[in-house]
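For reference, the structure discussed in these notes is given below.
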Amino acid sequence: MPICVAVPKEQTPAERRVALVPEIATRLVKLGVKVVIEKDMGKSAYFMDTAYQNAQLVDTAEQVYQQAEVILKVQPPTLAEIEQMKAGTVLIGFMAPHHYPERVAKLRDKKITSLAMELVPRISRAQSMDALSSQASVAGYKAVIMAADLASVFFPMLTTAAGTIRPAKVLIIGVGVAGLQAIATARRLGAMVEAYDVRAATKEQVQSLGAKFIDMPIKAEGQGGYARELTEEEKQQQQAILAKHVAAAQVVITTAAIPGRPSPKIITQAMVAGMTPGAVIIDIASEGGGNCELTQPGKTVEYQGVIIHGPLNVPSQTPLHASEMYSKNLFNLLSLMIKNGELQIDWEDEVIVGSTLTHAGEIKHVPTRQLVEGAKL
Ligand code: NAD
């Protein structure tokens, strides 16, 4: 019997991305799978029901959950959604386990096999499944577009009859996947770009994109290619050097993050006060509290003429391409588990094992198990 892969409509307000795009639905059917989607599932990303020619359309989420052996989602499932899932269902999507321990507990209790896209190991073989990267790329691009929109200046140099306009000075703080895409996008728009990260390896990447790297003595490589938190002394050293670059910038884009920790505060109120009125800060780290002391997540505020924008769920604001990329990530992960149209999970595969949050009534991801079960460990 071919397995049924089903996709409900997203419930989270303002989430416009969708987990399955028509091209991937067709590819799943070619793997011998039955695809079921809830009516209007793709609409928020402009994929109409008629485009999913190979899928079976159902009217309600209840019908989706009744038939599903595999469920694809973008946002973590709500408690009500988990309640509707059958025991043994495989659920793949973002799970935000640190934010929703009670949902993880429910996934465990309902014996759902959940694979969390944020847990996909960042190894070469899993690059095509790396949704953190694909969505960070979208966010980095969109942050620059938002900045260009809110900025009081042009990005490119313009030579006009009314005089020559100098290119905008853009500073990117945090040069992971989002930061690199932000540099590339700001350069394409013609800005002069400077960038900074605590990981020394980023210097070459920044320079290869035609931007200037701000060198500092602080090196804070953590584990697995991530950054570690800075000491108080390092923070002060960083702020002293960064302050003049921040003051000179007309646009600052901040993307700095440390796994499992709140966003590091890098731009202080005093640094914002030193900026020119009309300057803009786009803080896409605002999901984790923000890199600027004045960021209010989800809001746009002004301080002494400087605009500080703290957008949430930035990838959702470019829903069509963000969904295409995300859907491909899901497909590449799911296809590891499908043989001849049937579900065959290889529990020796490091990608599958590393991505699994809950299975057979247990929380498999150790830090989440500690968080949810604490003393029971
Ligand atoms: P992230 O979202 O965790 O953080 C963004 C950036 O913020 C990082 O570059 C980090 O060094 C930087 N940062 C943290 N604290 C800072 C501070 N105080 N000041 C300045 N910068 C600070 O990062 P990410 O985009 O998820 O990438 C993390 C790592 O994973 C990178 O090394 C990246 O190359 C690597 N990666 C590997 C793969 C793969 O091999 N498949 C895929 C994607 C990313």
Side-chain angles (χ1 to χ4, degrees), residues 1-8 10-11 19-20 24 28 31-38 61-121 123 125-126 128-132 326-327 329-373 376-377:
M1 273 285 281
I3 59 151
C4 173
V5 175
V7 191
E10 289 296 318
Q11 297 296 312
L20 186 68
I24 299 298
L28 280 173
L31 288 184
V33 162
K34 176 181 168 190
V35 177
V36 171
I37 60 167
E38 186 180 348
E62 197 188 350
Q63 291 168 296
V64 168
Y65 292 115
Q66 266 167 13
Q67 297 194 45
E69 281 150 297
V70 175
I71 294 167
L72 303 180
K73 275 190 57 54
V74 179
Q75 288 287 337
T78 61
L79 290 172
E81 283 177 314
I82 301 169
E83 188 55 46
Q84 295 184 73
M85 294 175 195
K86 297 179 297 190
T89 303
V90 174
L91 168 69
I92 314 179
F94 285 114
M95 302 289 162
H98 280 82
H99 282 110
Y100 302 118
E102 75 293 356
R103 300 188 196 185
V104 179
K106 191 155 181 107
L107 288 168
R108 173 197 62 196
D109 297 344
K110 290 269 310 191
K111 298 196 166 52
I112 307 297
T113 296
S114 58
L115 280 83
M117 292 309 280
E118 49 276 83
L119 298 182
V120 172
I123 55 173
R125 186 165 78 85
S128 64
M129 310 159 202
D130 186 347
L132 283 182
Y326 181 68
S327 187
N329 295 143
L330 288 178
F331 175 82
N332 290 324
L333 181 59
L334 180 57
S335 50
L336 295 180
M337 300 183 245
I338 294 176
K339 306 268 175 312
N340 303 320
E342 288 180 18
L343 198 62
Q344 284 180 24
I345 303 182
D346 174 3
W347 289 110
E348 303 284 300
D349 186 323
E350 62 175 326
V351 174
I352 294 175
V353 173
S355 310
T356 302
L357 180 63
T358 59
H359 175 61
E362 286 177 22
I363 300 172
K364 296 288 184 187
H365 181 239
V366 176
T368 306
R369 192 161 71 224
Q370 276 165 343
L371 179 77
V372 178
E373 298 178 356
K376 268 177 75 180
L377 267 182

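Worth knowing before you read on, the calculation uses all heavy atoms, side chains too, and leaves out hydrogens, waters and symmetry mates.
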Does the side-chain contact (heavy atoms from CB on, under 4.5 Å) test come out yes or no for Leu334 and Leu72, once each step is laid out? CA-CA 9 Å; Leu334 180 57; Leu72 303 180; 4.3 Å; yes
Run the numbers on Leu371 and Val104 for side-chain contact (heavy atoms from CB on, under 4.5 Å), then give the verdict. CA-CA 10 Å; Leu371 179 77; Val104 179; over 6 Å; no
The test is side-chain contact (heavy atoms from CB on, under 4.5 Å); show your working for Met129 and Leu336 and say whether it passes. CA-CA 10 Å; Met129 310 159 202; Leu336 295 180; 3.9 Å; yes
What verdict does the side-chain contact (heavy atoms from CB on, under 4.5 Å) test give for Glu350 and Ile123, after you've listed the backbone C-alpha separation in whole Å, the side-chain angles of each residue and the deciding distance to 0.1 Å? CA-CA 10 Å; Glu350 62 175 326; Ile123 55 173; 3.6 Å; yes
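Put simply, the side chain of Val120 reaches to within 4.5 Å of the side chain of Ser355, judged on heavy atoms. Side-chain contact between Leu20 and Leu28 is present, with at least one heavy-atom pair separated by less than 4.5 Å. Using a 4.5 Å heavy-atom cutoff, the side chains of Lys106 and Glu83 are in contact.
Closest approach of Val64 to Ile37, counting heavy atoms only: CG2-C, 4.4 Å. Across Ala68 and Ala6, no two heavy atoms sit closer than the pair CB-CB, 3.6 Å. Residues Ala126 and Pro121 share a closest heavy-atom pair of CB-O, 3.3 Å. Taking each heavy atom of Ser128 and Asn329 in turn, the nearest pair found is O-ND2, 2.9 Å. Of all non-hydrogen atoms in Met117 and Ala131, the two that sit nearest each other are CE-CB, 3.9 Å. Listed here is the closest heavy atom pair of Leu330 and Ala19: CD1-O, 3.3 Å.
Interatomic distance, CG of Asp346 versus CE of Met337, reported as 10.5 Å (0.5 Å rounding). Rounding to the nearest 0.5 Å places CD of Glu69 at 9.5 Å from CD of Glu342. Going from atom NZ of Lys110 over to atom CD1 of Ile82 covers 9.0 Å, rounded to the nearest 0.5 Å. To the nearest 0.5 Å, atom CD1 of residue Ile3 and atom CG of residue Leu343 are 5.0 Å apart. Expressed to the nearest 0.5 Å, how far CH2 of Trp347 lies from OG1 of Thr113 amounts to 5.5 Å. In this structure, Thr356 OG1 and Leu119 CG are separated by 8.5 Å, a value rounded to the nearest 0.5 Å.
In this structure, Glu362 does not pair ionically with Arg369, as no charged nitrogen and carboxylate oxygen lie closer than 4.0 Å.
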Let me check something: any side-chain donor-acceptor pairs from residues 89-103 under 3.5 Å, sequence neighbours excluded? List them with distances.
unit_1: Thr89; atom_1: OG1; unit_2: Lys86; atom_2: N; d: 3.4
unit_1: Thr89; atom_1: OG1; unit_2: Lys86; atom_2: O; d: 2.6
unit_1: Arg103; atom_1: NH1; unit_2: Pro77; atom_2: O; d: 3.1

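A donor-acceptor pair under 3.5 Å is absent between the side-chain atoms of Gln75 and the main chain of Glu10, judged by distance alone.
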